[in-house]
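Below: the structure, in structure tokens.
Numbers restart at 1 for each chain; the letters A, B, ... are given by sequence-line order, proteins then strands.
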There are 2 protein chains.
Amino acid sequence: MSALLDAIFAALADPTRRAILSMLLEDDMAVTDVAEPFDMSLAAISKHLIVLERAGLIAQEKRGRLKWCKLEPSALKLPSVWMQGFGQFDPINLDDFEKFLAAEIKTGSSDASGEEPE
Amino acid sequence: MSALLDAIFAALADPTRRAILSMLLEDDMAVTDVAEPFDMSLAAISKHLIVLERAGLIAQEKRGRLKWCKLEPSALKLPSVWMQGFGQFDPINLDDFEKFLAAEIKTGSSDASGEEPE
DNA sequence: TTATTATTCAACCTTTTGGTTGAGGATACG
DNA sequence: CGTATCCTCAACCAAAAGGTTGAATAATAA
């Protein structure tokens with residue numbers, strides 16, 4: 001059904017591509033700089049970046065002779081929502097957390113800051 | 001690095017396998033019943049189930065001559081946590097949501113139900 | 001026992017994936 | 001201008017993925 005979901009999960013399935021995404025979390029980077037830490041040809045990295053772009057996980061913009069790669073974390077929303085359909089695994093469950101906070105308020109315990117409802 | 005993450009994301013990248021997971025959300029099923037709605041050989045479905053099992057997304061248990069497939073939603077925790085490392089995409093962000101609810105309480109607006117704090 | 005049902009295995013095929021190398025198009029620099 | 005740098009394209013390759021069919025195994029049913 002959802003070809004986009006196919007593309008996103010497939011893009012995330014490769015460790016090199018996940019590493020690239022983590023690098024881009026720190027800062028935008030040009031292609032050559034992205035490639036630098038990897039023991040792999042520049043062309044290979046270029047292909048990985050195309051896969052990531054087609055999945056919407058990064059955006060690439062050419063400025064001068066450098067092509068800048070920028071993380072697009074909003075693309076993770078779709079797979080995240082899909083996963084949340086499976087419910088109970090989720091570290092943060094909306095309903096449970098809302099109930100928890102409501103209970104905190106009612107009991108007057110004003111120390112609702114750092115507690116995690118397990 | 002994480003071969004498990006590789007396996008999980010790769011397993012989720014196929015629409016047939018995602019459909020199987022959705023089916024198993026309703027109930028445990030035997031292999032033949034899983035295969036029934038798909039226009040595909042039983043052997044193909046059997047392979048898909050093996051992929052899902054190796055990723056930890058389902059468990060298979062043989063009882064009699066039927067092999068029951070059971071969803072293991074906890075396997076989604078690892079990819080979910082990995083994704084949360086990218087932050088702002090997340091539909092439910094603990095800190096943001098807490099601030100949002102705190103604001104709701106202070107302003108006395110009791111309609112905190114269906115709103116998404118963007 | 002024999003037959004039927006449930007599932008996997010083995011061999012095979014085609015397409016995709018992830019890598020290589022070498023050439024080539026832009027853009028910047030001297 | 002000529003040359004170096006950045007990046008992609010094209011052709012190629014090996015391995016993996018996703019499918020098929022037919023035989024094999026295992027458990028139930030008659």
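Backbone-only contact: Ala30(A) has heavy atoms under 4.0 Å from sugar-phosphate atoms and none from a base. Counting non-hydrogen atoms under 4.0 angstrom, Leu42(A) reaches a base of the nucleic acid. Within the nucleic acid shown, Arg17(A) comes within 4.0 Å of sugar-phosphate atoms alone, with no base atom in reach, counting heavy atoms only.
If you measure from atom CD of Glu53(B) to atom C1' of dT7(C), you get 13 Å, rounded to the nearest angstrom. Distance, Arg54(A) CZ to dT17(C) P: 9 Å, rounded to whole Å. Spacing between atom CD of Glu36(B) and atom C1' of dA6(C) amounts to 15 Å, rounded to whole angstrom units. Summarising the geometry, the separation between CZ on Arg63(B) and C1' on dT5(C) is reported as 17 Å, rounded to the nearest angstrom. At whole-Å resolution of the value, CZ in Arg18(A) and P in dG18(C) are 12 Å apart. Protein atom NZ of Lys47(B) is 12 Å distant from nucleotide atom P of dT21(D), rounded to whole Å. The distance from atom CH2 of Trp68(A) to atom P of dT27(C) is 17 Å, rounded to the nearest whole Å. One can place CE of Met29(B) at 13 Å from P of dA6(C), the figure rounded to the nearest angstrom.
Within the structure, a side-chain polar atom (N or O) of Thr32(B) is placed less than 4.0 Å from OP1 or OP2 of dT7(C). At dT8(C), one or more side-chain N or O atoms of Ser46(B) fall inside 4.0 Å of OP1 or OP2 (strictly under the cut-off). The side chain of Ser41(B) contributes no N or O atom lying less than 4.0 Å from OP1 or OP2 of dG19(D). Phosphate contact (OP1/OP2 of dT25(D), side-chain N/O of Arg65(B), threshold under 4.0 Å): absent.
Taking the side chain as every heavy atom from C-beta outward, Lys70(B) and Leu24(B) never approach each other to under 4.5 Å. Contact of the Met23(B) side chain with the Met29(B) side chain is registered, since non-hydrogen atoms from C-beta on lie closer than 4.5 Å. In this structure the side chain of Ile20(B) never reaches within 4.5 angstrom of the side chain of Ile58(B), judged on heavy atoms. Leu57(B) places a side-chain heavy atom less than 4.5 Å from the side chain of Leu76(B). The shortest distance between side-chain heavy atoms of Gln60(B) and Trp68(B) does not fall below 4.5 Å. The side-chain heavy atoms of Arg18(B) and Trp82(A), taken from C-beta on, include a pair separated by under 4.5 Å.
Atom CZ of residue Phe9(A) and atom CE of residue Met83(A) lie 4.0 Å apart, to the nearest 0.5 angstrom.
Which of dT20(D), dA6(C), dC7(D) sits closest to the side chain of Leu66(B) comes down to dA6(C). Counting only heavy atoms from C-beta on, Asp14(A) has its side chain closest to dG18(C) among dG18(C), dT8(C), dT20(D). Listed candidates were dT27(C), dG19(C), dG19(D). Nearest to the side chain of His48(A) is dG19(C). Among the nucleotides dT8(D), dT8(C), dG19(C), the one closest to the side chain of Ala43(A) is dT8(D).
Each end of the helix from dT1(C)-dA30(D) to dG30(C)-dC1(D) yields a helix axis from five base pairs, and these two axes differ in direction by 10° (to the nearest 10 degrees).
Looking at which nucleotide of DNA chain C each of Ala10(A) and Gly64(A) is closest to, the 5′-most match is held by Ala10(A).
A pairwise comparison of heavy atoms in Phe86(B) and Leu71(A) identifies CD2-CD2, 3.6 Å as the closest pair.
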